[in-house]
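Below is one structure, written out as structure tokens; the observations come after it.
Fair warning: this is a prediction, and the values are worked out from it, not measured in the lab. Because only heavy atoms are used, hydrogens play no part in the values below, and waters and symmetry mates are left out as well, while side chains stay in.
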Amino acid sequence: MPFSFFHLLCYITIIFAEVDAVNEGASKSKSKLRLFVFGDSYVDTGNWRKSIGSSWKEPYGITFPGKPSGRFSDGRVLTDYIASYLGIRTPIAYKWRKEVKRSNLEYGMNFAYGGTGVLDTLANQPNMTTQIDFFQRLVEQKVYGKQDLDNSVGLISVAGNDYATYLARNTHDLQKLGDFTKKIMDQLEINIDRIRGLGVKRIAVTLIEPMGCIPLQAASSSYSNCTQALNLGSKFHNQMLNQSLQNLNAKDNSTAFITLDLYDAFFSALNKFTTHAPGSLGLKPCCEGKEMGKYYCGSVDESGAKLYTICENPNLSFFWDTLHPSQNGWHSIFSSLRSSLHKLTT
């Protein structure tokens, strides 16, 4: 059939529909938004030094952008999907701020470091308080002015590493976990309020994921079951976080602080994977060391030989490694969070 004006019209309509879908969030905002990101590896897009960060080693980044990019996944992470929803490019990682043109800073900045927490963790990297110090310094230096901050959004994803550190230092003693959660929450509330005080207008904070379903914990059951005791810990954390954010909104007489429910989003996405994707790996990671606890995704020996295995099709995996979702996993999680994201731009 010859190409006609009707075909051209249909083609243009499809293109504009796809553009509108990508910029759904941005269409609701009055001007370009800035995204400021704080937290851990779930949102880090390249702050670790290349010489020591596993996120800069193969096979990380094999799906996107095709090579290691500093993300703790085979491809995109939560930050990338939220930035796309807001209609902006992924904000530059803080570490690279001096290596790019000033125009590359106009989308905001990512201060998150993988392995870090609200408090100090086993990773010798800037905790959340220090990340906010970095942000405050840029505000004081007028890198971001009032107009930038008036059109800004904050994203916080943190606390999983705090619990991992607690369990490592307390030999998996869960008796005082509730007291530790309160300690986290006291500091987290201070941190969130501080970001707001620096001028960020809307702040989205992730509820913590079901920690018992992380492959590192599910490995003991051959990836067939989650550790329910840890999931109860996640629920308690999330109840307290919801209350803290309600307190902050009441103090500010606003709805500036919103939650992104990673707990339910993880379960929803995992259910879709196991139900609708034949061959899905479920809780089993796509990339893992050949010997659990000794080698990890990306491990090599002295000669450079791989000490890890990769699944045949990463698109069938929800988890990339023993701690982090795959790009496909993050996309499914993001899809479950979309209904909450509109609050960031209204």
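- Side-chain contact between Lys201 and Leu149: absent, with no pair of heavy atoms (C-beta onward) separated by less than 4.5 Å.
- Take Asp148 and apply the salt bridge (charged side-chain N to carboxylate O under 4.0 Å, His left out) test, not counting sequence neighbours, and it matches Arg34.
- Electrostatic pairing of Arg71 and Asp80 counts as a salt bridge here, judged by a charged N lying under 4.0 Å from a carboxylate O.
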Which pairs would a plain distance check flag for residues 52-61, meaning a side-chain donor or acceptor within less than 3.5 Å of a matching protein atom at least two apart in sequence or in another chain?
{"residue": "Ser55", "atom": "OG", "partner": "Gly70", "partner atom": "O", "Å": "3.2"}
{"residue": "Trp56", "atom": "NE1", "partner": "Trp48", "partner atom": "O", "Å": "2.8"}
{"residue": "Tyr60", "atom": "OH", "partner": "Asp321", "partner atom": "OD2", "Å": "2.7"}

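- Thr63 and Asp74 are linked by a side-chain donor-acceptor pair at a separation below 3.5 angstrom, with hydrogens and angles left out of the test.
- Not a single salt bridge (charged side-chain N to carboxylate O under 4.0 Å, His left out) links Arg202 to another residue, sequence neighbours left out.
- Linking ILVMFWY side-chain heavy atoms closer than 4.5 Å, directly or via other members, places Ile62 and Phe64 in two distinct hydrophobic clusters.
- Across all non-hydrogen atoms, the minimal contact from Ser157 to Val43 is CB-CG1, 3.7 Å.
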Quiz item: Is there a ring pair (Phe, Tyr, Trp, His ring centres under 6.0 Å) between Tyr81 and Tyr85 once you walk through the steps?
Solution: CA-CA 6 Å; Tyr81 288 109; Tyr85 175 86; over 10 Å; no
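- For Phe135 and Tyr144, the gap between ring centers reaches or exceeds 6.0 Å.
- Outside the 6.0 Å centre-distance limit, the rings of Tyr113 and Tyr94 are not counted as a close aromatic pair.
- Closest approach of Thr206 and Val158 over heavy atoms only: OG1-N, 4.1 Å.
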Quiz item: Can Lys284 and Glu288 be said to form a salt bridge (charged side-chain N to carboxylate O under 4.0 Å, His left out), step by step?
Solution: CA-CA 9 Å; Lys284 183 177 173 61; Glu288 57 184 333; 2.6 Å; yes
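- For Asn253 (side chain) and Asn249 (main-chain N/O), no donor-acceptor pair under 3.5 Å exists by modelled atom type.
- In terms of modelled atom types and a separation under 3.5 Å, the side chain of Thr79 and the main chain of Asp44 share no donor-acceptor contact.
- Ionic pairing of Asp150 and Lys146 is present here: one or more N-O contacts between side-chain nitrogen and carboxylate oxygen are shorter than 4.0 angstrom.
- A cation-pi contact, defined as under 6.0 Å to the ring centre and within 45° of the axis, is absent between Arg137 and Phe134.
- Electrostatic pairing of Asp301 and Lys306 does not count as a salt bridge here, judged by no charged N lying under 4.0 Å from a carboxylate O.
- No continuous path of hydrophobic side-chain contacts links Phe267 to Phe319 [ILVMFWY only; heavy atoms under 4.5 Å].
- With values rounded to the nearest 0.5 angstrom, Leu283 atom CG is found 9.0 Å from Ile214 atom CD1.
- With sequence neighbours excluded, the residues that form a side chain to side chain donor-acceptor pair (under 3.5 Å) with Asn110 are Thr45.
- Scored by the side chain to side chain donor-acceptor pair (under 3.5 Å) test, Asn247 finds Gln243 as partners (sequence neighbours excluded).
- Residues meeting the salt bridge (charged side-chain N to carboxylate O under 4.0 Å, His left out) test with Asp120, sequence neighbours left out: none.
- Two residues are said to be in side-chain contact when any heavy atoms from C-beta on lie closer than 4.5 Å; Asn328 and Ser317 fail this criterion.
- No donor-acceptor distance shorter than 3.5 angstrom exists from the side chain of Glu209 to the backbone of Leu262, with no hydrogens or angles considered.
- Residues Tyr166 and Leu177 have side chains in contact (heavy-atom distance under 4.5 Å, counting atoms from C-beta outward).
- For Tyr42 and Phe72, the gap between ring centers reaches or exceeds 6.0 Å.
- Exactly one of Phe273, Phe334, Phe318 qualifies for a ring-ring contact (aromatic ring centres under 6.0 Å, His included) with Phe266. That residue is Phe318.
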